[in-house]
Amino acid sequence: MLDLCHIHKSFGDVRVLDGLDLRLEAGRVHTLRGGNGSGKTTLFNIVTGFLRPSSGEVRFKGRDIGGQSPHRINRLGIGRTFQDLRLALQMSALENILLAQERRMFALTAAADVRRAEATLERVALSHQRDTPAGELSYGQQKLLTLGCCIANDAELLLIDEPVAGIDKDNFRKVTTLVRELRNGGKTILQIEHHPSYIEETSDRVLWMEGGRLREGTR
Amino acid sequence: MEYLLHLLILVGVYVMLSQSLALSAGFGGMISLAHAGFYGVGAYTAALLAVRCGAPFLVALPMAMVLSGMLALGVAAIALRTVDDYFVICTLGIQVVVFSLMNNWMGLTRGPLGIPGIPGIRLFGMAVESKVAFLLLVAVLAALIFVAIRKLTTSSFGRTLRALSEDEIFAKSLGKNVYLTKLTAFTLGAMFAAVPGVLYAHYISYIDPTSFTLDESIFILSIVILGGMRNLWGSVLAAAFLVLLPETLRFVGMPGAVAANLRQVVYGGILVLMMFRYSRGFGAERRQTC
């Protein structure tokens, strides 16, 4: 599904990724762990086109996607969320989902589009907040909404950054259930997370990041 | 009555200008100080085509829109490489350049002498001579622009525009081509701004660069802000308010020697008070429901 070959990334003199290799198998949940500044988010940014690797190759379904713009990479089938929540806060929950699922630049919103967006809201347990501006949702609900946006356009590979960090028990359960459902539905997931029971419940494979490289295992 | 009709025509012109600016500045967050320049390009295109080539209104109108759009496209392709304050300064530069061209390109625009003798509009063989007929034409075109912008802003395009004005990274992560969306919004805004320019040239029958200054750009932006950045009906109200207020102040008894200056002070004071009262504009953005 995704192959990273010998990825290097430096910021000035600071070497963040140092010949990193990673192969993701389709339909599995891979969890990245590592200390602060170990390069986990940098890796996400490289895969999704927000950063260019200093060297190395990024291949998605056999196709070289290194250096492509973020919007093109998303359209190839890679969705992502961010550690610092990113949403259109003035727009309603439904509109955020509609925004995420729309593909055409100019398209009027049909009833079928709204129904599809409502179904996504239901999957992330936010139907009751349909018309609430995203900025007025609780932190946990905003996390769920970012997941809804991530899955709304049916991306095959999902990169999820700390999905359960700082959320309450109820929303923790909802996120866990959703990620398991996504996995059972055939999605490939690469997630950054540190919560032990969440990792245990959702992950097929755990990787530890240190010194700009990855190795199997939790530490 | 003629005076009132004249004022309503001017309100219509500023409604179109504010709606067109609302598309890029209100919905897309691209605050522009160049809008009077695009308005002027529309007016000069219509004036030159009518005076020099005898082009009818229905030919001049699309040509003015295309020319204004092309200028905006060229300019935005560069200016949109910058963001926020830097983008505003870029548009300020564009406004200064366009004004300078109007004021100094004697061979084309006659500079400060302006272009006199612009003929009235003829539509389908009929002359739009009376103020009532002209007001009707202005109202129809203003309504068309309103509907077009409303359709655009409630479509996927408008949603992307609103999202990217909040968070470009979020929009990019959802597969949105942020640059192309902004470029399109800015260009469409300039094309719509050419329409009131064409109408104004034919209506006043004489244009010179003083109608398309930086002050005019700021005035149009003030309408959009007072109306509520993303509220098209708010812009209509704000255009009427800001165009009619100075006229209303003429009827307030003020000492003759300082009346003109005093009116300016009162006008500015009222504007400040209105912004305090309606800090998010007349029509703070209503929630969109689908």
Side-chain angles (χ1 to χ4, degrees), chain A residues 44-45 48-50 69-82 84-111 113-115 117-118 130-136 145-146 148-150 152-155 159 161, chain B residues 22-29 80-81 147-189 191 228-231 234 279-281 283-290:
Chain A
F44 269 32
N45 285 337
T48 52
F50 284 94
S69 58
H71 77 272
R72 281 186 191 279
I73 288 178
N74 176 271
R75 283 169 182 253
L76 290 173
I78 301 179
R80 78 168 286 185
T81 68
F82 295 83
D84 47 336
L85 291 180
R86 289 193 179 275
L87 289 165
L89 297 173
Q90 292 177 31
M91 285 162 55
S92 70
L94 183 76
E95 279 203 299
N96 272 274
I97 300 291
L98 280 168
L99 174 77
Q101 80 183 23
E102 282 158 347
R103 276 285 158 260
R104 284 160 55 201
M105 192 171 177
F106 297 99
L108 295 177
T109 310
D113 300 324
V114 175
R115 279 198 298 275
E118 285 171 338
R130 180 188 188 276
D131 297 319
T132 307
E136 292 176 21
L145 186 57
T146 60
C149 291
C150 186
N153 65 7
D154 219 23
L159 274 61
D161 203 340
Chain B
L23 180 65
S24 52
F27 290 89
L80 284 173
R81 303 282 174 191
V147 170
I149 293 176
R150 177 129 187 90
K151 283 278 178 204
L152 279 171
T153 54
T154 52
S155 70
S156 58
F157 178 75
R159 244 189 304 275
T160 303
L161 207 52
R162 281 186 288 144
L164 68 84
S165 75
E166 281 198 58
D167 188 340
E168 285 194 11
I169 291 175
F170 174 58
K172 283 178 186 172
S173 77
L174 297 180
K176 310 301 174 190
N177 189 334
V178 166
Y179 180 73
L180 184 63
T181 306
K182 287 167 91 171
L183 195 66
T184 307
F186 194 78
T187 304
L188 285 174
M191 289 176 78
M229 294 293 279
R230 293 177 181 173
N231 190 297
S279 57
R280 294 187 64 198
E285 189 189 6
R286 281 177 295 176
R287 282 184 189 179
Q288 303 262 345
T289 50
C290 299

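Computed from heavy atoms alone, side chains included, the values below leave out hydrogens, waters and symmetry copies. Bear in mind that the values here come from a model prediction, so they are computed numbers and not experimental data. So that the names make sense, note that chain A is the first sequence line, chain B the second, and so on, each numbered from 1.
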Seminar exercise, completed: Note: vs chain A, highest number of non-hydrogen pairs under 4.5 angstrom among D167(B), T160(B), T184(B) is D167(B)

Problem set entry | side-chain contact (heavy atoms from CB on, under 4.5 Å) assessment of K176(B) paired with L99(A) | CA-CA 9 Å; K176(B) 310 301 174 190; L99(A) 174 77; 4.0 Å; yes

Select one option (side chain, backbone, both, neither) describing which atoms of [X] are under 4.5 Å from chain A's heavy atoms.
| X | value |
| --- | --- |
| L180(B) | both |
| N177(B) | both |
| S165(B) | neither |

Problem set entry | Short side-chain to backbone donor-acceptor contact, Q90(A) and E166(B), under 3.5 Å | no

Exercise. Nearest 0.5 Å, what's the CZ-CG distance between R80(A) and L174(B)?
Worked result: 11.0 Å

For this session: To the nearest 0.5 angstrom, please state how far the CD1 atom of I78(A) sits from the OG atom of S173(B).
Result: 12.5 Å

Exercise. Going by the salt bridge (charged side-chain N to carboxylate O under 4.0 Å, His left out) test, which pairs reach into residues 97-110 of chain A, not counting sequence neighbours?
Worked result: E102(A)-R159(B)

Problem set entry | Pairs of heavy atoms under 4.5 Å with chain B: top-ranked of S69(A), A107(A), P70(A) | A107(A)

Exercise. Relative to chain B, which segment of L87(A) carries a heavy atom at a distance below 4.5 Å: side chain, backbone, both, or neither?
Worked result: both

For this session: Not counting sequence neighbours, which residues clear ring pair (Phe, Tyr, Trp, His ring centres under 6.0 Å) with F170(B)? List them please.
Result: none

